Amino acid sequence: MALELFTEGDPIADTKAPTDVPIGERWSERKFRGRLVNPANRRKLHVIVVGTGLAGGSAAATLAEAGYKVTSFWYQDSPRRAHSVAAQGGINAAKNYRNDGDSVHRLFYDTVKGGDFRSRENNVHRLAEISTNIIDQCVAQGVPFAREYGGLLDNRSFGGAQVSRTFYARGQTGQQLLYGAYQALERQMGLGNVEQHARTEMLDLIVVDGKARGIVARNLVTGEVTTHMADAVVLATGGYGNVFYLSTNAKGSNATAIWRAHKRGALLANPCYTQIHPTCIPTSGDYQSKLTLMSESLRNDGRVWVPKERGDDRDPRQIPEDERDYYLERKYPAFGNLVPRDIASRQAKNVCDEGRGVGPGGLGVYLDFDEAMQRLGRKAIEAKYGNLFDMYARITGEDPYEVPMRIFPAVHYTMGGLWVDYDLQSTIPGLFVIGEANFSDHGANRLGASALMQGLADGYFVLPNTITDYLAAGPFPKVAEDDPAVVEARQAVVAQSEKLLSINGTRTVASFHRELGRLVWDYCGMERSEESLRKALDRIPEIRKEFWTNVKVSGEQGTFNQNLEHAGRVADFIELAELMCIDALHRNESCGGHFRVESQTEEGEALRDDENYAYVAAWEWTPEGEPPVLHKEDLNYEYVHLAQRSYK
C-alpha cells in the first residue's frame with residue numbers, strides 16, 4: 001500500500017534476552033546477568049504501580065515485600081474490583097498432572113501456534129517456564145482451585161490445546177486469583193510499605209531527562225489533579241477493548257494510561273491485534289452498554305451447533321440430530337469445539353452470514369449441554385458450571401439446563417499494547433509495562449486461560465527480577481514539583497479538561513463512544529478489508545473534529561465528574577481507533593484475530609505472509625497532522641517451525 005498514512009522509521013530490536021544460550025536457559029541467564037539492588041538500598045527506591053488487577057496487584061505486593069517503597073493507584077473503590085475479578089475459566093500451567101503429554105515445551109509451542117506465529121519465542125518460553133511456579137504460589141496463598149476426589153488439583157481443557165492444563169475454581173478463577181494477590185497487597189499496605197490511592201486515575205506520564213519519573217493523576221471523587229514522583233513507573237492498566245464500546249470489559253476499563261504514555265514517547269505495538277471471544281451472550285438491544293462473557297470452559301462439555309437449513313426457527317429441542325450442524329466438530333475433528341477463539345468466532349460469523357444463525361436477528365449459535373447431562377448427569381454439570389448457568393439464566397431469562405444457550409462472538413481481549421523488551425521495559429527508560437497493557441506474549445491471538453497466566457507471571461516473577469537491573473543505577477536525583485517537565489504535564493491535563501468543559505455542544509460523550517465503537521466493530525472487527533479500513537479512516541477524523549467542537553460535558557473541573565472522566569477516555573479511544581485501522585490496513589495479511597478478507601486460504605482460513613509481515617509493528621506517536629512512524633521488530637523463529645495453522 002502507499003505510505004500516505006504513515007512513514008517508516010528505524011527498525012527496533014529486543015536486546016535484553018540472552019540469545020547466546022539455549023532458549024530454556026535464557027530466563028535464568030537474564031536473571032543472573034542483571035544487576036541487583038541490596039536490601040538496604042531498596043528502602044531508598046520508589047516505584048509507582050498503576051493498576052491493581054492480577055498483574056498490578058501482584059507486582060506491587062512483590063516489590064513491597066522485597067523492600068521497595070511502592071505507591072499504588074487504582075480507579076475503582078477497591079483493588080478487589082479490578083477487571084481481573086471477572087475472569088471465569090481458568091489459568092494455564094504446564095504441570096502435566098493429567099499425564100497426557102503436556103510439558104513446558106508443548107505449552108510454549110501451543111502458545112506460539114495459537115498466536116499464529118506472531119509472538120516472540122523468548123517471551124513465550126519464559127511464560128511457559130514460569131507457569132508451573134504460579135500454581136504453587138497461588139496454592140500457598142490459599143486459592144481454592146478445584147480438586148479431584150483424591151484431593152489433587154483438577155484440570156480441564158481450553159481452546160488450542162489437546163491436553164488438560166487449565167487450573168480453575170468453578171467459573172470464578174479470576175476472582176479467586178485476584179483475592180490472593182489482594183491479600184498479599186493488603187498485607188503490605190498494613191505494614192506501611194505500600195501507599196494507596198483509591199479512586200484515582202492516571203492522566204499523564206512525567207518524563208524527566210528522557211526517563212519516566214512520575215505520573216499526573218486525578219482524584220475521581222474530589223477532582224483534584226496531583227503529581228507523584230518516583231524512580232520508576234509500572235503500568236498494569238489492562239487492555240483497550242472498550243474502544244469498540246460493546247465488549248466484555250468492565251465499563252471503566254480504558255486505554256488512557258498507555259495512550260498518554262504513548263504520546264510521551266512509548267512505542268505502541270500491534271494495535272490491530274484484538275481478540276473476539278466466541279462464547280458471549282448475544283447483544284439484546286441498541287442501547288446495551290456492555291456484553292457478558294460465558295467462559296470458554298463451557299466448550300469442554302457444551303456442543304456448538306446451528307440448524308442445517310436456513311431460516312429454521314423451531315425450538316432447538318424440536319430440531320432432530322440429523323438436522324443439526326455441529327460445524328466446529330465437522331470442520332476441525334482433531335480439536336472440535338476447542339479450536340482457538342479466533343477460529344471459533346470466525347466460523348460462528350460465517351454460519352450466521354449464511355442465514356443459519358439463531359435468536360433475534362439471526363446473530364447467535366447454540367451451545368448445547370444436553371448430551372453432557374445425559375452422559376455425566378445434571379449434578380456433575382452443576383458442580384462444574386453452576387454459577388455460569390445461573391448468570392446466563394438471570395441475564396436472558398432462559399434456563400440453560402432445559403434450553404441450549406445462545407452465544408455469539410464479542411470483543412474480549414487485546415493482544416496489542418505498549419512495546420516492551422525482555423525486561424518488560426518500554427522505549428521510555430524507567431517505564432515498565434505488564435499484563436494486558438503490553439504486547440509481548442500472545443502474538444495475533446491469545447489462547448484461553450493465558451491472560452491470568454501472563455498477569456501473574458509478570459507481576460510475581462518477571463518484573464521483580466528485571467526492574468532491579470534498572471533500579472540498580474538509582475536512587476535517581478529527586479524531581480521537584482516545580483520542575484518544568486512536571487509543570488508542563490500537569491498543565492496539559494488541566495488544559496484538556498478545561499477545553500472539554502468549555503465546548504458545551506449538543507452531543508453526549510456516550511453517543512460519540514457508541515458511534516466510534518460501532519464503526520470500529522463494523523470495519524475493523526472480525527473481518528477487515530482495504531475498503532472497510534479506508535472507510536473507517538475517512539470517518540474517524542470527522543468524528544474527532546465533531547467531538548472537539550460539539551461534545552457536551554456537563555459539570556465542573558475540580559469536582560466529582562464522571563462525564564469528564566468518560567470524555568477524556570473517549571478522546572483517547574478516537575485517536576487509538578485511527579492507529580488501529582492504520583495498523584490493520586498496512587498489515588496486508590491475515591493472522592490470528594487479524595483477518596483480512598483479501599488474504600485467506602481456499603477453505604477460508606487466515607493466510608499469513610511470513611516473507612513480508614513476520615514482524616512486530618511498533619508505532620511512534622507524532623503530532624496531529626503528521627503520519628505516525630512505523631518501527632519494525634523482526635520475529636525470528638529458532639525453536640518453532642513456521643507453518644500454516646491447522647486444527648484439523
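Note that the coordinates shown come from a computational prediction; the quantities given were computed from them, not determined experimentally.
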*Should Thr256 and Met202 be marked as a side chain to side chain contact (heavy atoms under 4.5 Å, CB included) after you check the CA-CA gap, both sets of side-chain angles, and the distance that decides it?*
CA-CA 8 Å; Thr256 288; Met202 171 184 162; over 6 Å; no
*Check against side chain to side chain contact (heavy atoms under 4.5 Å, CB included), Tyr109 and Arg106*: CA-CA 5 Å; Tyr109 177 79; Arg106 188 174 295 278; 5.6 Å; no
*asked:* Any heavy-atom pair between the side chains of Ser58 and Gln137 that's under 4.5 Å?
replied: no
*Only one of Gln347, Arg645, His277 forms a side-chain hydrogen bond (donor to acceptor under 3.5 Å, both in side chains) with Asp342, so which one is it?*
Arg645
*Can the ring centroids of Tyr97 and Phe167 be said to lie less than 6.0 angstrom from one another?*
yes
*Salt-bridge test for Glu321 and Arg324: reply yes if a basic N is under 4.0 Å from a carboxylate O, no otherwise.*
yes
*asked:* Between Tyr460 and Ile134, is there a side-chain heavy-atom distance shorter than 4.5 Å?
replied: no
*Please confirm whether the backbone N or O of Ser532 pairs with a side-chain atom of Ser529, one donor and one acceptor, at under 3.5 Å?*
yes
*asked:* For Arg81, I'd like to know if atom CZ has over 12 heavy atoms of other residues, nucleotides or ligands within 6.0 Å.
replied: no
_Regarding Asp301 and Arg375, does a basic nitrogen lie under 4.0 Å from an acidic carboxylate oxygen?_
yes
*Between the side chain of Asn561 and the main-chain N/O of Ser554, is any donor-acceptor distance below 3.5 Å?*
yes
*pair Leu107-Ser131: side-chain heavy atoms closer than 4.5 Å*: yes
*Indicate the ring-plane relationship of Trp305 and Tyr326, choosing parallel, tilted or perpendicular according to the 30° and 60° boundaries.*
tilted
*Could you label the plane-to-plane angle of the Tyr385 and Phe369 rings as parallel, tilted or perpendicular, counting under 30° as parallel and over 60° as perpendicular?*
tilted
*With the side chain counted from C-beta on, respond yes when Thr166 and Ser297 share a heavy-atom pair under 4.5 Å apart, and no when they do not.*
no
*Hey, does the Lys NZ or Arg CZ of Arg118 hover above the aromatic six-ring of Tyr273, less than 6.0 Å from the centre and inside 45° of the axis?*
no
*May I ask you to test the Arg539-Glu515 pair for a side-chain heavy-atom distance under 4.5 Å?*
yes
*What's the spacing between Asn350 CG and Arg356 CZ if we round to 0.5 Å?*
10.0 Å
*Just wondering, do Phe560 and Arg199 contact through their side chains at under 4.5 Å, heavy atoms?*
yes
*Kindly say whether Ala161 contributes a backbone atom to a donor-acceptor pair with the side chain of Asp110 at under 3.5 angstrom?*
no
*For the residue pair Phe389 and Tyr401, does the interplanar ring angle fall in the parallel (under 30°), tilted (30 to 60°) or perpendicular (over 60°) class?*
tilted
_Working to the nearest 0.5 angstrom, can you tell me the gap between Thr200 OG1 and Leu220 CG?_
6.5 Å
*Under 3.5 Å, side chain of Asn92 to main-chain N/O of Gly448, donor-acceptor pair present?*
yes
*Short question: side chain of Asn300, backbone of Ser157 - any donor-acceptor pair under 3.5 Å?*
yes
*Distance from His566 atom NE2 to Asn254 atom CG, nearest 0.5 Å?*
9.5 Å
*Provide the full list of salt bridge (Lys or Arg N to Asp or Glu O under 4.0 Å) pairs with a residue in residues 243-254, sequence neighbours left out, each pair given once.*
none
_Could you measure the distance from the CG atom of Leu338 to the CZ atom of Phe158? Nearest 0.5 Å is fine._
9.0 Å
*Is the NZ or CZ atom of Arg569 both under 6.0 Å from the centre of the six-membered ring of Tyr75 and within 45° of that ring's axis?*
yes
_salt_bridge(Asp154, Arg98) N-O dist < 4.0 Å_ = yes
_Rounded to the nearest 0.5 Å, what separates atom CH2 in Trp259 from atom CD1 in Ile574?_
11.5 Å
_Any donor-acceptor N/O pair, Gln176 side chain to Thr173 backbone, under 3.5 Å_ = no
*Check for a donor-acceptor pair, side chain of Glu296 on one end and backbone N or O of Gly89 on the other, with a separation under 3.5 Å.*
no
*Quick one: does Asp100's side chain have a donor or acceptor within less than 3.5 Å of a partner on Val163's backbone?*
no
*Take Val411 and Ile276 through the side chain to side chain contact (heavy atoms under 4.5 Å, CB included) test and state the conclusion after the steps.*
CA-CA 4 Å; Val411 173; Ile276 313 299; 3.9 Å; yes
*Tell me, which pairs form a salt bridge (Lys or Arg N to Asp or Glu O under 4.0 Å) where one or both residues lie in residues 272-286, sequence neighbours left out?*
none
*Could you tell me whether the side chain of Lys95 and the main chain of Thr132 form a donor-acceptor pair under 3.5 Å?*
yes
*Looking at CD1 of Ile281 and CD1 of Ile395, how far apart are the two atoms once the value is rounded to the nearest 0.5 Å?*
4.0 Å
*asked:* Quick one: does any side-chain atom of Arg310 pair with a main-chain N or O of Gly355 as donor and acceptor, under 3.5 Å?
replied: no
*For Lys331 and Glu603, what are the C-alpha separation, side-chain angles and deciding distance, and is it a side chain to side chain contact (heavy atoms under 4.5 Å, CB included)?*
CA-CA 10 Å; Lys331 290 188 173 187; Glu603 296 178 321; over 6 Å; no
*Do we get Lys384 above Tyr168's six-membered ring, with its NZ or CZ under 6.0 Å from the centre and within 45° of the axis?*
no
*Does Phe244 reach the side chain of Met580, with side-chain heavy atoms less than 4.5 Å apart?*
yes
*Are any of the side-chain heavy atoms of Arg406 and Tyr366 separated by less than 4.5 Å?*
yes
